[in-house]
There are 2 protein chains.
Amino acid sequence: MSDKRRSTRRRRGSEQPTLQQVADAAGVSAITVSRALNAPERVNAATRVKVLATVERLGYVPNLVAGSLASARSRFIAVIVPSLANAVFIEVIHGLQETFEREGYQILLGNTDYDIEREYQLIRTFLGWSCSALVTAGLRHSEACRSLLTHWDKPIMEVMELGDALDLNVGLDHHEAGRCMARHLLAQQYRSVVYVGACLDRDYRARMRFEGHREVLHAAGLEAPMIELDQLGSLDAGASGLERVLSRYPSADAIHFANDDLATGALLRAQRLGMTIPGDIAIAGFNGLPLGQHVTPRLTTIRSPRENMGRLAAEEVLKRLDAKRVTRRRHDVGFELLVGDST
Amino acid sequence: MSDKRRSTRRRRGSEQPTLQQVADAAGVSAITVSRALNAPERVNAATRVKVLATVERLGYVPNLVAGSLASARSRFIAVIVPSLANAVFIEVIHGLQETFEREGYQILLGNTDYDIEREYQLIRTFLGWSCSALVTAGLRHSEACRSLLTHWDKPIMEVMELGDALDLNVGLDHHEAGRCMARHLLAQQYRSVVYVGACLDRDYRARMRFEGHREVLHAAGLEAPMIELDQLGSLDAGASGLERVLSRYPSADAIHFANDDLATGALLRAQRLGMTIPGDIAIAGFNGLPLGQHVTPRLTTIRSPRENMGRLAAEEVLKRLDAKRVTRRRHDVGFELLVGDST
DNA sequence: CGCTACCATGTTAGCGCTAACATAGTTTTA
DNA sequence: TAAAACTATGTTAGCGCTAACATGGTAGCG
């Protein structure tokens, strides 16, 4: 009976109408309203129309918290990235968001600031929200995090890099990307190439690229000097990176930057200093951001399919959620050397 | 009695331990565990230690969905922005996130893509999550959205612009910013100034700046021509904006762009075309993004305190949530004319 | 010493919804 | 035409947690 008396204890009574009130007003049971909203094909058309009209009339807004508790699942997807300052992650998020929202999922966004402990905390919290899936950037997690996740039974997608993933994996081979750019620089006859990165302990994908780069240089019998900046990718950092290279390796003929922000910052600073690129020094980046294609000379870089990576990751997760279809676990999205005029 | 028999009906049994299981293991009642976790000062120190040790031992992760339902509030803050492609919103979000996360709130991020109908849908969904507060970019909402929000009793913060807000308001005066830049351009003796914006019906704050700009030019007895691009702020759009100005207003001596992305795109294109800035044409932007300060010549623009805006907005919301202290409803964060070398 | 005040913990009753099972009516099938 | 199958809707019992009230113990106080 819908009108059973409340106990004498008051509970916070929000003014919002509840499912039961809609049901009473429409002359049906609560479950019918629930079905009209969540599985319309399971109620008779006439009933459905009547119910939805009542929903509209009362301004009913479903309490998703209650629904999630009852069904033990929410339409949340946890998405964890190491930074929002980097356009790369923004684009990946955009791809994810677009795809997930179309299917009625809401992204719960977490930012670790490249801190693996924070990632653990965030994941703990997000699991408490009964997320339907988790998308996280990268394969490296704390021990505690790993054990938490191996006991979790929902889809886990690790994006950005390829490797030994917990579950699903969409990304590219950063070692190989580093090698690719180093080979290009050697082919252009540069022989004194400095790698410049920022916070490589935290941005370990940049370190992987450096390792690929170093392999190629060593194989060619060359040194592979490296400078590590203590400020994460930004134009400013790139500018100071250029200056550090100039003072520490005056004979350098090329700089391989860990990303486009750094490379562009350096390129713009070089111009301000009146230097010629690539005459005085060559500059290469990584990511293929639009910015690098607008400066003159156009930046040589490696384009990663960022939005696509997000979209593909989301699609794979959705496939799993939908039908538990077995999907390919690992997808290499590849990359592309973009030869500009800066090398 | 904790061990009361389940009905014969099976429910999905997640493997996760529940509060009750922790309570049993620790030899206390469920509410004591709840308090040990959420209001530690309300339980005896010895009990607290015992309970927390049990929590740790069992790997208990609180079910936040259940907690929210029971308490009719979640530690979610709904944040709604029109775009993620624009660095401005990213920085505002960053400021919000930093401040809210420190107090244990989680941001629920929604992206309207400058669509006021989508904003309504997002807000509806978010209210269903019992958010503790709503932060939204801008003062313009659909009629339905307004009426939904006026009946909502939690803090509402509208950021970016100042005006007739629903509740709290942190932002700056875009009309005045437009006027400010126009005055600067006139003071520099430019007399044929074109305003270039993108999608001004959706990015109505850019239109407000244009209106301020136009007022000043008209007051000086000048025309105020305007070009509207159909691609939202990007370097590409800026480059094509420059070309459209050159072909349509060959005698223009200055361009006032709606934002820094457009302005920088134009500046870089002008350089590629071999033009001199500001000799051949002056260029001004809006936002004060780092990019504009790295190009040569440095971009003349207006700096808005973006992260600060986010931080301040979050702090004001928190004040309200904390103690229901009466707070100033409107905060003008101001802006600053940044005179570079491009005008 | 009896009273109030307060502290620590417990009991009870939902929060608003949906899964699982139940039921009545209708159509299909052999 | 009776059994089987399906359709539309309803009943019941929680999901896991916390608010509100309850209780028993200890301290404070004139």
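A, B, ... follow the sequence lines: proteins, then strands. Residue 1 opens every chain.
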| field | Residues B:Lys319, B:Glu316: salt bridge by 4.0 Å N-O rule | value | yes
| task | Looking at every strand, decide which applies to B:Val65 at a 4.0 Å heavy-atom threshold: base, sugar-phosphate, or nothing. | result | nothing
| query | Rounded to the Å, how far apart are A:Leu37 CG and C:dC17 P? | reply | 9 Å
| Proximal nucleotide (of D:dT9, C:dG16, C:dT9) relative to the A:Arg35 side chain | D:dT9
| Separation of atom CG in B:Leu64 from atom C1' in D:dC15, rounded to whole Å | 14 Å
| said: When you measure from the side chain of A:Ser132 to the backbone of A:Ser74, do you find a donor-acceptor pair of N or O atoms at a distance under 3.5 Å? | reply: yes
| request: Using atom types as modelled and distance alone, determine if a side-chain donor or acceptor of B:Gln106 lies under 3.5 Å from a backbone N or O of A:Leu109. | output: yes
| remark: side-chain hydrogen bond (donor to acceptor under 3.5 Å, both in side chains) filter on B:Gln97, not counting sequence neighbours, yields none
| remark: Out of D:dG16, D:dT18, C:dG16, minimum distance to the side chain of B:Ala66 belongs to D:dG16
| End axis versus end axis in the helix from C:dC1-D:dG30 to C:dA30-D:dT1, the angle rounded to 10°, five pairs used at each terminus | 20°
| query | Looking at the rings of B:Trp129 and A:Phe76, which for Trp means the six-membered one, are their centres under 6.0 Å apart? | reply | yes
| message | What is the distance, to the nearest angstrom, from the CD atom on A:Gln21 to the C1' atom on C:dC17? | response | 13 Å
| request: Ignoring hydrogens and angles, tell me if any N or O in the side chain of B:Arg75 forms a donor-acceptor pair with the backbone of B:Glu103 under 3.5 Å. | output: yes
| remark: Within residues 43-61 of chain B, the residues having a heavy atom closer than 4.0 Å to DNA chain C are B:Val43, B:Asn44, B:Thr47
| query | Is the shortest side-chain N/O distance from B:Asn38 to OP1 or OP2 of D:dT18 below 4.0 Å? | reply | yes
| Is the distance from OP1 or OP2 of D:dG10 to the nearest side-chain N or O of A:Thr32 less than 4.0 Å? | yes
| Nearest-Å distance for atom pair CD/P, residues A:Gln20 and D:dT12 | 13 Å
| Does B:Arg146 use its side chain to pair, donor to acceptor, with the backbone of B:Leu166 at less than 3.5 Å? | no
| field | Side-chain (B:Asn169) to main-chain (B:Arg329) donor-acceptor, under 3.5 angstrom | value | no
| query | Does a side chain donor of either A:Glu119 or A:Thr136 reach within less than 3.5 Å of an acceptor in the other side chain? | reply | yes
| query | Quick one: is B:Arg42 getting a side-chain N or O under 4.0 Å of the D:dT18 phosphate, OP1 or OP2? | reply | no
| task | Determine the sole option in B:Val170, B:Val333, B:Val88, B:Leu139 for which the side-chain contact (heavy atoms from CB on, under 4.5 Å) test with B:Met160 is passed. | result | B:Val88
| Rounded to whole angstrom units, what separation is found between the CH2 atom of B:Trp129 and the C1' atom of C:dC15? | 15 Å
| query | Which whole-number value in Å describes the distance from B:Ile31 CD1 to D:dG16 P? | reply | 16 Å
| said: If you compare every side-chain N and O of B:Ser29 against the phosphate oxygens of C:dG10 (OP1, OP2), does one of them come in below 4.0 Å? | reply: yes
| Should B:Thr18 be listed as having a side-chain N or O under 4.0 Å from OP1 or OP2 of D:dG16? | no
| query | Quick one: A:Asp24 CG to D:dT11 P, roughly how many Å, whole number? | reply | 11 Å
| Toward the 5' end of DNA chain D, which comes first, B:Arg73 or A:Ala30, by nearest nucleotide? | A:Ala30
| note | Of C:dG16, C:dG14, C:dG10, the nucleotide closest to the side chain of A:Leu69 is C:dG16
